[in-house]
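Worth knowing before you read on, the calculation uses all heavy atoms, side chains too, and leaves out hydrogens, waters and symmetry mates.
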Amino acid sequence: MTTVLTRSPFAQTWLRDPWSQTAATAGPVPAADVYREGEDLVARLDLPGVNPADDVTVEVEGRKLVVRGERKDQRSEESEGRRISEVRFGSFRRVVTLPKAVDGDVVRASYDSGVLTVTVPGVFAGTTPQRVEVTTAA
């Protein structure tokens, strides 16, 4: 079986954070799936090893859904010898651009098995795509 990884157009538009640093210098950025489910926008972020009650904040700022927090290093420094660690610790910030401004009171967030799921209900209501006819030159 062959797996092909491609960049989704959603990753370039909805998940863009113009104020963030480049990936090489930025802190850890959680992986995210953002998709439309009916009239709702659903964002699922991988946040294993965080305490959502103390270490994660979900906010709505105009047309932005902002998830920020910190993954803390809980390991002891008593181990001897070499250590290989690919786990990233530190502060993170992820921004999802919404199609229109929403009231933060309607946004729902839940955390289960290391995955934070944020649902913005009704954000796509009334945004039915309208087909535009393409004409050709003679």
* Is there any side chain to side chain donor-acceptor pair (under 3.5 Å) pair reaching into residues 39-54, and which pairs are they, with sequence neighbours excluded? -> Asn51-Asp54
* Under the side chain to side chain donor-acceptor pair (under 3.5 Å) test, which residues partner Glu59, sequence neighbours left out? -> Arg68
* To do: Test Arg71 against Asp55 for side-chain contact (heavy atoms from CB on, under 4.5 Å), laying out the working first.
  => CA-CA 7 Å; Arg71 184 172 183 193; Asp55 299 332; over 6 Å; no
* Please list, chain by chain and in numerical order, all residues satisfying side-chain contact (heavy atoms from CB on, under 4.5 Å) with Arg63, sequence neighbours excluded. => Thr97, Ala101
* To do: Go through the structure and list residues passing side-chain contact (heavy atoms from CB on, under 4.5 Å) with Gln130, not counting sequence neighbours.
  => none
* Is it the case that one hydrophobic cluster holds both Leu116 and Val102, taking links as side-chain heavy atoms less than 4.5 Å apart, direct or via other members? -> yes
* To do: Would you name the heavy atoms of Arg93 and Val66 that are closest together and state the gap between them?
  => NE-CG1, 3.9 Å
* Pairs where residues 105-115 contributes a residue and the test side chain to side chain donor-acceptor pair (under 3.5 Å) is met, not counting sequence neighbours -> none
* To do: Determine the minimum heavy-atom distance between Gly104 and Val60, stating which atoms define it.
  => CA-CG2, 4.0 Å
* Taking all non-hydrogen atoms of both residues, which atom of Glu70 and which atom of Val50 are closest, and how far apart? -> O-CG1, 3.8 Å
* Linked, directly or transitively: Val34 and Val115 (ILVMFWY side chains, under 4.5 Å) -> no
* Go through the steps to decide whether Tyr35 and Val42 satisfy the test side-chain contact (heavy atoms from CB on, under 4.5 Å), and finish with yes or no. => CA-CA 5 Å; Tyr35 55 94; Val42 179; 3.4 Å; yes
